[in-house]
There are 2 protein chains.
Amino acid sequence: MSKDALPGLTLCNNAALRRAARKLGQFYDDVLAPSGLKATQQGLLYQIHIGEEPAMGAIAASLIMDLSALGHTLKPLIRDGYVETFADPDDRRIRRVRLTPQGLVKLNEAMKLWHVAQQRLEDVVGKDKAESLRAALDDIAALDFDLPPATP
Amino acid sequence: MSKDALPGLTLCNNAALRRAARKLGQFYDDVLAPSGLKATQQGLLYQIHIGEEPAMGAIAASLIMDLSALGHTLKPLIRDGYVETFADPDDRRIRRVRLTPQGLVKLNEAMKLWHVAQQRLEDVVGKDKAESLRAALDDIAALDFDLPPATP
DNA sequence: CACGTTTAGTGGTATATGCCACTAATTAAA
DNA sequence: TTTAATTAGTGGCATATACCACTAAACGTG
């Protein structure tokens with residue numbers, strides 16, 4: 001017994017989620033490491049890729065991420081030349097995002113590694129279990145906890 | 001249709017996990033806000049509390065967190081006087097951690113709010129579903145992806 | 001059309017987390 | 001016991017993410 005030195009007592013849904021996220025994040029990051037991308041970056045490039053030059057707000061909404069957080073996360077990818085932004089000509093408030101050619105190459109490279117990670121995980125936990133886990137996580141992501149306001 | 005502007009396509013286990021973690025984290029953070037603690041901090045205080053003056057390494061192992069990350073996360077809590085560290089007299093490499101009296105007070109305050117969040121979540125998703133989700137997450141956390149090395 | 005409001009992003013600040021290099025303390029080996 | 005290897009943390013640097021205050025652009029109304 002070297003690992004679990006303390007009782008996990010993971011009764012907290014949020015704590016359990018973060019813990020699992022750290023674990024899984026490390027795994028995906030490890031597998032993706034040869035590409036030089038983190039799993040979060042690969043995921044972001046992918047999200048941009050599947051969108052039609054998505055606006056930042058649209059990406060943030062899809063990822064359930066704060067808009068400013070997205071802006072910050074995007075910076076290293078822009079700096080490294082994988083992504084570029086441009087103002088929407090019809091509404092100059094809107095900034096759209098697209099992959100550069102190098103970004104697309106890098107994404108393809110990372111996707112190969114992603115498949116490896118994804119496959120290895122599903123080998124370990126089982127395809128069904130992984131699928132139902134994702135479904136449960138999507139449920140969480142889709143929840144609507146409107147804090148019961150006084151409706152004044 | 002204002003929310004999901006892009007197709008979620010959450011096929012990636014890791015992406016789904018992070019997305020759910022952002023969502024749930026925001027919810028717990030919102031509910032805990034009156035205490036001035038983030039959900040991560042409440043969880044960390046709790047983990048310290050249930051341990052017997054745990055060593056940093058033990059806490060990090062329990063939370064599946066990098067040791068240095070734990071050190072960083074601990075800093076604001078030490079600065080705010082909720083936590084203190086001290087060297088183990090039998091092995092001065094080891095730093096043990098404990099709550100200060102104020103830390104205990106703050107934890108109790110935060111736990112009340114935590115119960116609210118936890119309850120509200122379980123009201124929304126259902127107790128069984130929450131429980132099985134936690135079980136699945138604990139499974140993930142307990143996985144052992146030893147990258148098949150060449151075993152030289 | 002001028003003014004107030006809403007919408008989309010940016011920049012600053014703070015926490016969360018990880019990796020790496022380095023130090024201190026222990027332990028194991030020669 | 002003197003030295004090599006292991007263990008526990010620290011500090012620096014980088015990304016991930018959030019909230020807030022602020023700017024700019026578009027909208028809606030009188």
Side-chain angles (χ1 to χ4, degrees), chain A residues 2 5 14-15 17-30 32-33 36-45 54-61 63-80 82 85-97, chain B residues 2 5 14-15 17-30 32-33 36-45 54-61 63-80 82 85-97:
Chain A
S2 57
N14 187 47
L17 196 44
R18 297 191 79 90
R19 224 163 67 118
R22 283 190 291 267
K23 177 80 171 205
L24 204 57
Q26 271 176 262
F27 172 61
Y28 276 77
D29 277 354
D30 282 352
L32 281 174
L37 294 179
K38 311 291 229 51
T40 42
Q41 300 181 315
Q42 174 267 329
L44 181 49
L45 290 188
M56 290 190 55
I59 300 171
L63 298 179
I64 312 184
M65 171 181 288
D66 184 90
L67 179 57
S68 79
L70 173 62
H72 297 148
T73 305
L74 230 31
K75 266 179 211 162
L77 295 172
I78 293 172
R79 176 202 59 200
D80 295 341
Y82 299 144
T85 64
F86 58 101
D88 182 312
D90 294 334
D91 184 341
R92 276 164 322 168
R93 287 172 304 180
I94 296 180
R95 287 220 134 234
R96 297 190 172 279
V97 186
Chain B
S2 59
N14 187 47
L17 197 43
R18 297 192 79 90
R19 225 163 66 116
R22 284 190 290 266
K23 177 82 170 203
L24 203 57
Q26 272 177 260
F27 172 61
Y28 276 76
D29 277 355
D30 282 352
L32 281 173
L37 294 178
K38 311 290 229 54
T40 43
Q41 299 181 316
Q42 174 267 331
L44 181 50
L45 291 188
M56 289 190 55
I59 300 172
L63 299 180
I64 313 183
M65 173 182 285
D66 183 90
L67 178 57
S68 78
L70 173 63
H72 298 149
T73 304
L74 231 31
K75 264 178 213 163
L77 295 172
I78 293 172
R79 177 202 58 199
D80 296 341
Y82 299 144
T85 65
F86 58 101
D88 183 313
D90 295 333
D91 183 341
R92 276 160 326 162
R93 289 172 304 181
I94 297 179
R95 287 218 135 236
R96 297 190 172 279
V97 186

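Please read all numbers here as calculations on a predicted model, not as lab measurements.
Between the CG atom of B:Leu17 and the P atom of D:dT17 there is a distance of 11 Å, given to the nearest Å. Between the CG atom of A:Leu37 and the C1' atom of D:dT15 there is a distance of 12 Å, rounded to whole Å. When the C1' atom of D:dA18 is taken as reference, atom CG of A:Leu70 falls 13 Å away, rounded to whole Å. One can place CG of A:Asp80 at 12 Å from P of D:dA14, the figure rounded to the nearest angstrom. Between B:Gln26 atom CD and D:dA16 atom P there is a gap of 17 Å when expressed in whole angstrom units. Atom-to-atom, CG of B:Asn14 to P of D:dA16 comes out at 12 Å; the value is rounded to the nearest Å. Counting to the nearest Å, the P atom of D:dT23 and the CG atom of A:Leu67 are 17 Å from each other. With rounding to whole Å, A:Leu74 atom CG is found 10 Å from D:dA16 atom P.
The side chain of A:Met65 lies closest to D:dT17 when the candidates are D:dA25, D:dT10, D:dT17. Closest to the A:His72 side chain, of the nucleotides D:dA16, D:dT17, D:dC20, is D:dT17. Checking D:dA25, D:dG11, D:dT10 against every side-chain atom of A:Asp91, the shortest atom distance belongs to D:dA25. The side chain of A:Pro76 has D:dA16 as its nearest neighbour among D:dA16, D:dC19, D:dA24.
When heavy atoms are screened at a 4.0 angstrom cut-off, B:Ile94 is found touching the sugar-phosphate backbone but no base atom. Across all strands shown, A:Arg96 has no heavy atoms under 4.0 Å from either base or sugar-phosphate atoms.
In terms of position on DNA chain D, the residue among A:Gln41 and B:Thr85 whose nearest nucleotide sits closer to the 5' end is B:Thr85. Nucleotides of DNA chain D nearest to A:Ala39 and A:Arg92 differ in position, and the one nearer the 5' end is that of A:Ala39. Residues A:Arg18 and A:Met56 both approach DNA chain C. Their nearest nucleotides, taken by heavy-atom distance, put A:Met56 toward the 5′ side.
First and last contacting nucleotides of DNA chain C toward chain B (any atom under 4.0 angstrom from a heavy atom, 5' to 3' order): C:dT15 to C:dT26.
Judged by distance alone, the side chain of B:Arg92 and the main-chain N or O of B:Ala87 form no donor-acceptor pair under 3.5 Å. Judged by distance alone, with hydrogens and angles left aside, the side-chain atoms of A:Asp29 form no donor-acceptor pair with the main-chain N or O of A:Lys38 at under 3.5 Å. Under a 3.5 Å cut-off, the side chain of A:Asp91 and the backbone N or O of A:Arg93 do form a donor-acceptor pair.
A heavy-atom distance below 4.5 Å is found between the side chains of B:Tyr82 and B:Leu37. Looking at heavy atoms from C-beta onward, B:Phe27 lies out of side-chain contact with A:Asn14 at the 4.5 angstrom threshold. When side chains are defined from C-beta on, B:Leu77 counts as touching B:Gln41, because their heavy atoms get closer than 4.5 Å. Here the side chains of B:Arg95 and B:Asp88 are not in contact, with every heavy-atom distance at 4.5 Å or above.
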Verify side chain to side chain contact (heavy atoms under 4.5 Å, CB included) between B:Leu44 and B:Leu70, making sure each step is shown before the conclusion. CA-CA 9 Å; B:Leu44 181 50; B:Leu70 173 63; 3.7 Å; yes
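Considering only side-chain N and O atoms, B:Arg22 lies nowhere under 4.0 angstrom from the phosphate OP1 or OP2 of D:dA16. In this structure, A:Thr40 reaches the D:dA16 phosphate: one of its side-chain N or O atoms is under 4.0 Å from OP1 or OP2. At the phosphate of D:dA25, neither OP1 nor OP2 sits under 4.0 Å from any side-chain N or O atom of A:Arg95.
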